[in-house]
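Right, one structure below, let's go through it.
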Amino acid sequence: MRLALDQAALAVRGGDVPVGAVVLSPDGTTVLGAGHNEREATGDPTAHAEVLAIRRAAAQLGEWRLTGCTLVVTLEPCTMCAGALVQSRVDRVVYGARDDKAGAAGSLWDVVRDRRLNHRPEVIEGVLAEDCAALLTDFFRNR
């Protein structure tokens with residue numbers, strides 16, 4: 001999560017909401033992809049930290065299936081990112097702060113564990129939640 005927090009701090013420099021993500025290899029020792037929100041910086045509405053980290057991990061592996069991998073993200077994924085996680089076949093999603101307004105990994109919705117879908121990653125929530133939430137609170141307070 002500390003690596004994801006480092007990524008989140010980079011988002012602020014581009015004027016983006018501080019969310020960061022990393023995709024770890026199946027053995028958990030290698031970062032395959034990393035990203036932070038870049039919507040403002042790129043003008044791309046899909047440039048969420050999770051989507052960018054997933055894209056970079058897939059490029060690193062040379063395939064779209066991220067079987068065995070773990071995505072670590074500072075904020076609970078939204079519906080778009082939750083869908084991308086299911087489609088990429090990550091095994092595990094670890095997130096810090098809950099998103100009661102737009103979260104789709106257990107708070108508002110639970111897209112990643114919907115029994116109607118063909119893949120359901122494990123979800124671990126609340127890792128360094130206070131640190132992750134503080135980064136967001138400070139960003140919006142200063143804005």
Side-chain angles (χ1 to χ4, degrees), residues 1-137 139-140 143:
M1 186 61 75
R2 296 268 180 226
L3 294 173
L5 281 164
D6 291 344
Q7 284 293 314
L10 296 174
V12 176
R13 294 181 191 162
D16 279 283
V17 176
V19 177
V22 294
V23 175
L24 302 174
S25 62
D27 65 6
T29 62
T30 305
V31 174
L32 298 174
H36 55 274
N37 278 357
E38 295 182 21
R39 291 184 310 167
E40 297 296 332
T42 63
D44 178 355
T46 68
H48 287 206
E50 302 95 321
V51 170
L52 296 173
I54 288 168
R55 287 177 184 163
R56 291 168 183 155
Q60 175 75 17
L61 289 175
E63 105 169 75
W64 64 268
R65 286 181 189 87
L66 301 180
T67 306
C69 295
T70 299
L71 179 118
V72 180
V73 61
T74 58
L75 181 65
E76 180 181 0
C78 68
T79 54
M80 176 184 69
C81 294
L85 291 166
V86 170
Q87 292 300 315
S88 68
R89 310 297 196 270
V90 297
D91 277 11
R92 193 169 304 97
V93 178
V94 177
Y95 71 85
R98 284 176 58 96
D99 186 349
D100 292 325
K101 293 181 181 179
S107 60
L108 186 58
W109 294 288
D110 201 354
V111 171
V112 294
R113 292 180 286 203
D114 190 313
R115 292 188 175 276
R116 296 168 291 185
L117 299 175
N118 64 339
H119 180 73
R120 291 179 298 280
E122 174 186 12
V123 176
I124 299 168
E125 64 178 89
V127 176
L128 295 179
E130 290 180 11
D131 293 349
C132 295
L135 193 59
L136 290 159
T137 299
F139 174 80
F140 287 112
R143 205 159 186 212

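Residues meeting the side chain to side chain donor-acceptor pair (under 3.5 Å) test with D110, sequence neighbours left out: R113. Taking E122 as the reference, R92 meet the side chain to side chain donor-acceptor pair (under 3.5 Å) condition, with sequence neighbours excluded.
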Salt bridge (Lys or Arg N to Asp or Glu O under 4.0 Å) for R55 and E38? Distances and angles first, verdict last.
CA-CA 13 Å; R55 287 177 184 163; E38 295 182 21; over 6 Å; no
side-chain contact (heavy atoms from CB on, under 4.5 Å) for R56 and V23? Distances and angles first, verdict last.
CA-CA 9 Å; R56 291 168 183 155; V23 175; over 6 Å; no
What verdict does the side-chain contact (heavy atoms from CB on, under 4.5 Å) test give for V72 and L3, after you've listed the backbone C-alpha separation in whole Å, the side-chain angles of each residue and the deciding distance to 0.1 Å?
CA-CA 9 Å; V72 180; L3 294 173; over 6 Å; no
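When atom types are taken as modelled, the side chain of D16 and the backbone of A41 share a donor-acceptor pair closer than 3.5 angstrom. At least one donor-acceptor pair under 3.5 Å links the side chain of H119 to the backbone N or O of V90.
In terms of heavy atoms, A129 sits closest to G96 at CB-O, 3.5 Å. In terms of heavy-atom proximity, Y95 sits nearest to V123 at CE2-CG1, 3.8 Å. Shown here for A11 and P18, the closest heavy-atom pair between the two residues is CB-CA, 3.9 Å. Smallest separation of non-hydrogen atoms from G43 and P45: O-CD, 3.6 Å. In this structure, E76 and W109 approach most closely via the heavy-atom pair OE2-O, 4.3 Å. Annotation for A53 and G35: closest pair CB-N, 3.9 Å, computed over non-hydrogen atoms.
Around CD of E130, the count of heavy atoms belonging to other residues, nucleotides or ligands within 6.0 Å does not exceed 12.
Side-chain atoms of V111 and L85, non-hydrogen and from C-beta on, never get closer than 4.5 Å to each other. Contact check for P26 versus C69: side-chain heavy atoms found under the 4.5 Å cut-off. L117 is not listed as a side-chain neighbour of V112, based on a closest heavy-atom distance of 4.5 Å or more. Counting heavy atoms from C-beta outward, H48 and V19 have side chains that stay 4.5 Å or more apart.
Interatomic distance, L66 CG to Q60 CD, rounded to the nearest 0.5 Å: 11.0 Å. If you take CD on Q87 and CH2 on W64, they are separated by 7.0 Å, rounding to the nearest 0.5 Å. To the nearest 0.5 Å, atoms OG1 (T74) and CG (N37) are separated by 8.0 Å. Annotation: the span from T42 atom OG1 to L52 atom CG amounts to 7.5 Å, rounded to 0.5 Å. The SG atom of C132 sits 14.0 Å away from atom CZ of R98, with the distance rounded to the nearest 0.5 Å. To the nearest 0.5 Å, the span separating CG on D100 from CG on L108 amounts to 8.0 Å.
The side chain to side chain contact (heavy atoms under 4.5 Å, CB included) test with L32 is passed by exactly one of L61, L71, V22, T70: L61.
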